[in-house]
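Computed over heavy atoms, backbone and side chain alike; hydrogens, waters and symmetry mates excluded.
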Amino acid sequence: PSIAEILPLPLADYGPAFWLEAEASGHGMLEVSVRARDLSNMVGFAVQVTWDPALLELVEVAATAPVGGPDAVARGVAAGLGPGRLTMGVTRFPKEVDPWNPTPLGVDLPGNVEMGRFVLKPLAPGDAVLRFREGHRVARRPDHAAIPCAWAGLQVRIAGAGPTAGEVER
């Protein structure tokens, strides 16, 4: 199977948002980027992404949010949660605090920023929708208030392998 088409799902052109962008790699894999924009005073985020495990298999996942800096350190997690599901998240903490009582510091992330990446292997032909799982997606401020965000996944059309050389399609 191979990636035939990648279709982004609708997302408003303004305001805080998380969305998925993807491209087919030269090795036949689907490389997906978790993107965010216009986040102010964010201390961290946590998401789960789901898809049809009969069509796609997780190969690799990493949280890459640029929330560290000279005064803070980012602590993150990125892992598969079984077939068709992954989790990723990052929290920002000050460098000079008691590790038993850390106080998060907010950061402004204007513009379009990569928050994480993952790679999926196509397994079978079909249409797969990648979504942020409802109830398992949040960006927070230091006071633990959620940042209101729009969320958008994407659709991937996976084509079959087709006939090999010397075979005739019937």
Side-chain angles (χ1 to χ4, degrees), residues 6-25 29-53 55-120 128-156:
I6 300 168
L7 305 165
L9 297 178
L11 179 67
D13 290 336
Y14 57 89
F18 279 78
W19 70 96
L20 301 175
E21 285 183 3
E23 64 185 18
S25 75
M29 301 291 182
L30 181 69
E31 296 184 2
V32 183
S33 175
V34 176
R35 312 294 302 185
R37 71 162 185 243
D38 301 337
L39 298 171
S40 63
N41 200 22
M42 186 194 79
V43 70
F45 79 98
V47 298
Q48 286 187 15
V49 178
T50 62
W51 61 88
D52 183 343
L55 300 178
L56 295 164
E57 176 182 62
L58 182 64
V59 175
E60 180 180 318
V61 60
T64 60
V67 298
D71 63 338
V73 63
R75 294 193 180 119
V77 63
L81 294 175
R85 193 163 53 121
L86 67 81
T87 188
M88 111 180 11
V90 172
T91 301
R92 177 180 161 92
F93 294 97
K95 284 186 176 176
E96 303 296 326
V97 296
D98 175 355
W100 298 106
N101 188 21
T103 304
L105 296 173
V107 64
D108 292 336
L109 297 176
N112 180 337
V113 178
E114 181 180 89
M115 305 299 276
R117 296 188 65 75
F118 58 98
V119 178
L120 298 170
V129 177
L130 284 70
R131 291 187 174 94
F132 291 102
R133 187 170 173 209
E134 190 73 36
H136 296 270
R137 58 187 195 191
V138 68
R140 294 210 182 270
R141 293 193 169 100
D143 64 0
H144 303 290
I147 299 170
C149 293
W151 301 86
L154 57 86
Q155 181 177 347
V156 179

Spacing of [atom1] belonging to [X] relative to [atom2] belonging to [Y], to within rounding of 0.5 Å:
X    : Y    : atom1 : atom2 : answer
H136 : Q48  : NE2   : CD    : 5.0 Å
L81  : M88  : CG    : CE    : 10.5 Å
L109 : M42  : CG    : CE    : 5.0 Å
L130 : Q155 : CG    : CD    : 10.0 Å
L39  : R141 : CG    : CZ    : 9.0 Å
L9   : F132 : CG    : CZ    : 10.5 Å

Over all atoms of both residues, closest heavy-atom pair of [X] and [Y]:
X    : Y    : result
C149 : A139 : SG-CB, 4.3 Å
A152 : P10  : CB-O, 3.6 Å
M115 : P66  : SD-CD, 4.4 Å
L20  : G153 : CD1-CA, 3.9 Å
V119 : M29  : CG1-CB, 3.7 Å
A128 : L56  : CB-CD1, 3.7 Å

Close side-chain approach of [X] to [Y], heavy-atom, < 4.5 Å:
X   : Y    : result
R35 : N112 : yes
T87 : V47  : no
L55 : L120 : no

With F118, which of V59, L30, L86 fulfils side-chain contact (heavy atoms from CB on, under 4.5 Å)?
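Among V59, L30, L86, the one that satisfies the side-chain contact (heavy atoms from CB on, under 4.5 Å) with F118 is L86.
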All pairs passing side chain to side chain donor-acceptor pair (under 3.5 Å) where residues 36-45 contributes a residue, at least two apart:
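As it turns out, there is no side chain to side chain donor-acceptor pair (under 3.5 Å) pair with a partner in residues 36-45 once direct neighbours are skipped.
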Is there any side chain to side chain donor-acceptor pair (under 3.5 Å) pair reaching into residues 59-70, and which pairs are they, with sequence neighbours excluded?
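Non-adjacent pairs meeting side chain to side chain donor-acceptor pair (under 3.5 Å): T64-E114.
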More than 12 heavy atoms from other groups under 6.0 Å of CG on D13
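For D13, atom CG is not crowded (no more than 12 foreign heavy atoms under 6.0 Å).
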W19 side-chain N/O to L11 backbone N/O, donor-acceptor pair under 3.5 Å:
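Pair absent, no side-chain N/O of W19 close to backbone of L11.
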Under 3.5 Å: donor-acceptor pair, side chain of W51, backbone of V49
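Not a single qualifying donor-acceptor pair exists.
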Show every ring-ring contact (aromatic ring centres under 6.0 Å, His included) that has at least one partner inside residues 30-49, sequence neighbours left out.
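Residue pairs with at least one partner in residues 30-49: F18-F45.
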